[in-house]
Amino acid sequence: MQVAPKPNTYMPFGRGVHACPRSELAKLEVLILLHHLTLSYRWKIVGNEDGIQ
Ligand code: HEM
């Protein structure tokens with residue numbers, strides 16, 4: 001059974017005064033990457049289809 005992570009354990013951009021100042025740019029870049037990956041390739045599940053673990 002899965003246990004929910006404790007709060008504030010996932011902070012990819014840090015926080016506070018030194019939090020990443022370009023986190024919004026970084027997220028936009030990832031969206032553009034995902035856009036091209038989904039449009040440029042056909043995707044299929046390999047192996048069992050139990051979903052993402
Ligand atoms: C997925 C992409 C990115 C991740 C995961 C990321 C993550 C981080 C993290 C964890 C920090 C340190 C925060 C801290 O010290 O508490 C940081 C700082 C920083 N990031 Fe990013 N970052 C990303 C992309 C970018 C981009 C695209 C830029 C600039 C165009 C950028 C510029 C900076 C700068 C200048 C700092 C230093 C901020 C400071 O010390 O005040 N980062 N980033």
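Order of appearance sets the numbers: ligands from 1, and atoms from 1 within every ligand.
One option in Glu24, His18, Arg22 has a heavy atom closer to atom 26 (C) of ligand 1 than any other, and that option is Arg22.
Atom 2 (C) of ligand 1 has as its closest protein heavy atom Ala26 CB, 3.5 Å. At the top of the distance list for atom 6 (C) of ligand 1, counting protein heavy atoms only, stands Phe13 CD2, 3.5 Å. Considering only non-hydrogen protein atoms, atom 19 (C) of ligand 1 sits nearest to Pro21 CD, 3.6 Å. For atom 10 (C) of ligand 1, the closest heavy atom belonging to the protein is Pro12 O, 3.2 Å. In this structure, atom 25 (C) of ligand 1 lies nearest to the protein heavy atom Cys20 SG, 3.6 Å.
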With side chain to side chain contact (heavy atoms under 4.5 Å, CB included) as the criterion, how do Phe13 and Lys27 come out once you've worked through the C-alpha distance, each side chain's angles and the decisive distance to 0.1 Å?
CA-CA 10 Å; Phe13 296 106; Lys27 285 184 267 186; 4.1 Å; yes
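Atoms of ligand 1 lying under 4.0 Å from any heavy atom of Leu25, numbered from 1 in the order shown and given with element: 30 (C).
The backbone N or O of Pro5 sits nowhere less than 3.5 Å from a side-chain atom of Thr9 that would complete a donor-acceptor pair. Thr38 contributes a side-chain N or O that, together with a main-chain N or O of His35, makes up a donor-acceptor pair within less than 3.5 Å.
We find the SG-CG distance between Cys20 and Leu25 to be 8.5 Å, quoted to the nearest 0.5 Å. To the nearest 0.5 Å, atoms CG (Leu37) and CD1 (Ile32) are separated by 12.0 Å.
Tyr41 and Leu33 fall within the same hydrophobic cluster, defined by Ile, Leu, Val, Met, Phe, Trp and Tyr side-chain heavy atoms under 4.5 Å apart, directly or through other members.
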